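This structure is a prediction, so every number in the text was calculated from the model and none was measured.
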Amino acid sequence: VIFGCSLGDSDGWWWRNIAKAIKERDSELIIYRRQDSVGHTDASVKERFFDAAGVNVHERTNLAGMIRIIIYEDSTDRVFLNTRRP
């Protein structure tokens, strides 16, 4: 679970190792991303993660299904782990 990160290139070591662990252990990743003026989408957050982690184009499709994105705003009703109420 990754909360509130920038997914910047300076943390590439972390992102590469997280991507490697997901692939090798057949596990999942949840990224919580605060919505801002950029207008994040599930796809854009995954792409940013892949870019920062140096994941090649051929591996992205397989890994994309193992990553869940939760985009929230300051006004989002909070429940367990900031997921939205049904």
Student: Just to verify, what does Asn56 make a side chain to side chain contact (heavy atoms under 4.5 Å, CB included) with, not counting sequence neighbours?
Tutor: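 Asn56 satisfies side chain to side chain contact (heavy atoms under 4.5 Å, CB included) with His58, Glu59 once adjacent residues are dropped.
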
Student: Check this for me: does any side-chain nitrogen of one of Asp51 and Arg60 sit under 4.0 Å from a carboxylate oxygen of the other?
Tutor: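 Yes, charged N to carboxylate O under 4.0 Å.
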
Student: Tell me, please, which residues at least two apart from Asn62 pass side chain to side chain donor-acceptor pair (under 3.5 Å).
Tutor: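 Checked Asn62 against side chain to side chain donor-acceptor pair (under 3.5 Å); zero matches.
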
Student: Determine, using the 4.5 Å side-chain heavy-atom cutoff (strictly less than), whether Val57 and Val55 are members of one ILVMFWY cluster.
Tutor: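 Val57 and Val55: separate clusters.
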
Student: Any side-chain heavy atom of Tyr72 sitting closer than 4.5 Å to one from Gln35?
Tutor: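 Sidechains of Gln35 and Tyr72: no contact.
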
Student: Which atom names give the shortest non-hydrogen contact between Met66 and Asp26, and what distance separates them?
Tutor: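 Residues Met66 and Asp26, closest heavy atoms: CE-OD1, 3.1 Å.
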
Student: Got a donor-acceptor contact below 3.5 angstrom from the Lys23 side chain to the Leu63 backbone?
Tutor: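 Between the backbone of Leu63 and the side chain of Lys23 there is no qualifying donor-acceptor contact (under 3.5 Å).
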
Student: Does Ala21 have any side chain to side chain contact (heavy atoms under 4.5 Å, CB included) partners at least two apart in sequence or in another chain, and if so, which?
Tutor: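 Residues passing side chain to side chain contact (heavy atoms under 4.5 Å, CB included) with Ala21: Arg25.
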
Student: Look up atom CD1 in Ile31 and atom CH2 in Trp15, then write down how far apart they are to the nearest 0.5 Å.
Tutor: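 Rounded to the nearest 0.5 Å, the CD1-CH2 separation comes to 7.5 Å.
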
Student: Does Glu28 reach the main-chain N or O of Arg68 with its side chain, forming a donor-acceptor pair under 3.5 Å?
Tutor: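 No, because the side chain of Glu28 does not come within donor-acceptor range (under 3.5 Å) of the backbone of Arg68.
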
Student: Taking the side chain as every heavy atom from C-beta outward, state whether Ile67 and Phe50 have any atom pair closer than 4.5 Å.
Tutor: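 Yes, side chains in contact.
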
Student: Going by side chain to side chain contact (heavy atoms under 4.5 Å, CB included), name the residues that satisfy it together with Asp42, two or more places apart in sequence or in a different chain.
Tutor: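 For Asp42, the residues satisfying side chain to side chain contact (heavy atoms under 4.5 Å, CB included) (neighbours in sequence not counted) are Ile69, Ile71.
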
Student: Taking salt bridge (charged side-chain N to carboxylate O under 4.0 Å, His left out) as the definition, give me every residue that meets it alongside Lys20, ordered by chain and number, with sequence neighbours left out.
Tutor: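 For Lys20 there are no salt bridge (charged side-chain N to carboxylate O under 4.0 Å, His left out) partners, ignoring immediate neighbours.
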
Student: Once you round to the nearest 0.5 Å, how far does OG1 of Thr41 lie from CZ of Arg48?
Tutor: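 With rounding to 0.5 Å, OG1 (Thr41) is 13.5 Å from CZ (Arg48).
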
Student: Mind listing the closest non-hydrogen atom pair of Val45 and Arg33 along with its distance?
Tutor: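 So the minimum-distance heavy-atom pair works out to CG2-CG, 3.8 Å.
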
Student: Looking at residues at least two apart in the chain, or sitting in another chain, which of them share a salt bridge (charged side-chain N to carboxylate O under 4.0 Å, His left out) with Arg16?
Tutor: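 Arg16 satisfies salt bridge (charged side-chain N to carboxylate O under 4.0 Å, His left out) with no residue once adjacent residues are dropped.
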
Student: Calculate, to the nearest 0.5 Å, the distance between atoms CD1 and CG belonging to Ile22 and Leu29 respectively.
Tutor: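 Answer rounded to 0.5 Å: 4.0 Å.
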
